[in-house]
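Only a predicted model underlies this, so the values are computations on that prediction, with no experimental measurement involved.
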Amino acid sequence: MRKKTVGMARRAEPKGTLILPSVTELNAMAEQSPWIVKTNAARFQADVLERSKQVPVVVDFWAPWCGPCRMLGPILEKLAREKSGAFVLAKVNTDEDPSLAAAFGVEGIPAVFAIRDGRPIDQFVGALPESQIRAWLDGILPAEDEMRSEAARALAAEDAAAAEAALRAILAEFPKSTAARRVLAELLFASGRLNEAEPLLEELTEMGAADEDCERMLSEIRLQESARTQGDPAELQARLQADPDDFAAALALAEIEAAKREYAAALEHALHVVARDRGDLRESARGLMLRLFNVLGNDHPLTEEYRRKLTMLLF
């Protein structure tokens with residue numbers, strides 16, 4: 001995360017004859033736009049973190065006594081109104097909410113943070129001129145391909161075919177667009193077109209742009225592919241009942257169950273192989289369990305339960 005520092009204030013008004021807007025005037029200006037919100041600790045999750053998953057949020061930490069804050073605030077508010085929803089400006093009065101400032105490590109104000117997808121991506125401290133703030137905003141606002149991809153994501157709920165066409169048009173115009181790849185992969189995956197989604201997800205991985213959702217989709221696709229070659233589930237079950245140490249049958253059955261999203265059964269059969277086999281299948285079963293943890297997510301109860309069991313067996 002980049003950080004710029006320019007003349008920050010603590011509790012001292014600047015000297016000179018510069019006339020600054022009053023707090024009343026600042027509040028009146030802020031209330032004139034839907035893209036400017038005054039937030040606090042109670043509303044910060046909704047106003048900033050959740051909202052940033054839809055649009056970038058610029059958080060302005062300020063205080064009424066701070067002269068540079070009263071210089072910077074109107075510029076940020078002017079740009080928020082001018083950009084008409086390209087970003088949301090969230091203002092935090094550090095006198096009223098010192099805990100939020102402490103959580104962000106704010107030592108001097110004004111301090112401004114850019115939040116996207118629930119996390120800070122950039123910041124600066126001090127009162128910058130408008131030209132520098134505009135350049136800073138250009139660096140944190142979504143590019144054209146990102147905005148069009150998000151519009152296609154919203155369209156997909158109503159017209160999947162039109163959304164797909166829009167995304168393919170974006171990729172034709174912006175061949176390196178990770179945003180369009182991600183949204184198109186999600187759309188194809190949701191419609192069951194896994195063979196088309198897989199290369200897009202692999203490209204995202206190669207580009208270093210695969211997030212947890214991409215990894216989950218890719219893991220599930222590979223589980224589906226593996227399950228196709230495992231044989232008849234009823235026959236495998238019969239083999240395992242006849243011989244509990246038929247580890248090949250247990251692992252094949254686990255692969256099929258995983259593809260059918262019968263995750264508890266799949267994990268139990270894979271764990272059985274890890275616990276009792278001493279050959280190559282043990283490592284294959286462990287790998288399957290790790291892929292299932294990836295599909296389920298770290299917070300899923302099955303992940304927590306079987307990761308603990310796997311750890312106990314291995315260590």
Side-chain angles (χ1 to χ4, degrees), residues 1-39 47-48 51-52 54-94 100-101 104-151 173-174 176-179:
M1 183 172 69
R2 295 173 294 161
K3 181 178 180 179
K4 300 177 183 177
T5 304
V6 177
M8 55 186 174
R10 296 186 188 276
R11 293 194 73 94
E13 292 282 2
K15 296 179 180 180
T17 58
L18 180 64
I19 299 175
L20 300 174
S22 68
V23 175
T24 300
E25 290 170 330
L26 289 171
N27 288 337
M29 286 187 285
E31 290 169 357
Q32 293 173 3
S33 172
W35 313 120
I36 305 170
V37 297
K38 291 184 288 184
T39 192
D47 287 347
V48 176
R51 190 72 179 274
S52 74
Q54 302 169 343
V55 63
V57 178
V58 172
V59 184
D60 176 21
F61 288 97
W62 75 290
W65 51 264
C66 166
C69 299
R70 288 158 59 190
M71 295 170 59
L72 179 67
I75 299 174
L76 291 172
E77 291 161 14
K78 168 190 171 182
L79 295 175
R81 289 190 292 271
E82 180 184 304
K83 297 292 185 180
S84 300
F87 74 94
V88 170
L89 176 63
K91 299 181 69 65
V92 178
N93 185 330
T94 58
L100 281 176
F104 276 77
V106 173
E107 297 179 352
I109 54 174
V112 179
F113 291 79
I115 313 294
R116 286 183 65 177
D117 297 319
R119 61 182 182 85
I121 60 167
D122 202 358
Q123 70 179 99
F124 68 84
V125 179
L128 299 179
E130 182 175 327
S131 60
Q132 290 187 38
I133 297 172
R134 286 183 178 275
W136 182 78
L137 285 173
D138 288 342
I140 63 102
L141 294 181
E144 181 183 348
D145 67 304
E146 293 179 285
M147 292 188 289
R148 287 167 58 184
S149 297
E150 286 304 311
E173 189 173 347
F174 301 94
K176 296 182 179 180
S177 173
T178 58

Inset, instruction - Calculate, to the nearest 0.5 Å, the distance between atoms CG and CZ belonging to Leu76 and Phe87 respectively. - result: 6.5 Å

Inset, instruction - Of all the heavy-atom pairs spanning Ala114 and Ile140, show the shortest one and how long it is. - result: CB-CG2, 3.9 Å

Inset, instruction - Please name the pair of heavy atoms, one in Asn93 and one in Ala63, separated by the smallest distance, quoted to 0.1 Å. - result: OD1-CA, 4.1 Å

Legend entry - Distance, nearest 0.5 Å, that separates CZ of Phe113 from OG of Ser52: 14.0 Å

Legend entry - Heavy-atom closest contact (Leu72 atom, Gly126 atom, distance): CD2-O, 3.8 Å

Inset, instruction - Report yes if some heavy atom in the side chain of Pro142 is under 4.5 Å from a heavy atom in the side chain of Arg116; otherwise report no. - result: yes

Inset, instruction - Would you check if the side chain of Glu150 reaches a backbone N or O of Met147 as a donor-acceptor pair within less than 3.5 Å? - result: no

Legend entry - Given Val59, Asp47, Val37, Val58, the one that forms side chain to side chain contact (heavy atoms under 4.5 Å, CB included) with Val88: Val37

Legend entry - Over all atoms of both residues, closest heavy-atom pair of Ile115 and Pro120: CD1-CA, 3.7 Å

Inset, instruction - Work out which heavy atom in Pro74 is nearest to a heavy atom in Cys69; give both atom names and the distance. - result: CD-O, 4.4 Å

Legend entry - Qualifying residue, where the test is side chain to side chain contact (heavy atoms under 4.5 Å, CB included) with Asp60 and the options are Ile109, Leu89, Ile36: Leu89

Legend entry - Lys91 backbone acceptor or donor facing Thr39 side chain under 3.5 Å: no

Inset, instruction - Could you label the plane-to-plane angle of the Phe124 and Trp136 rings as parallel, tilted or perpendicular, counting under 30° as parallel and over 60° as perpendicular? - result: perpendicular

Legend entry - Exercise: identify the closest heavy-atom pair between Val125 and Gln123: CG2-NE2, 4.4 Å

Legend entry - Distance, nearest 0.5 Å, that separates CD of Glu144 from CD of Glu173: 5.5 Å

Legend entry - N-O pairing of Lys78 and Glu82 below 4.0 Å: no

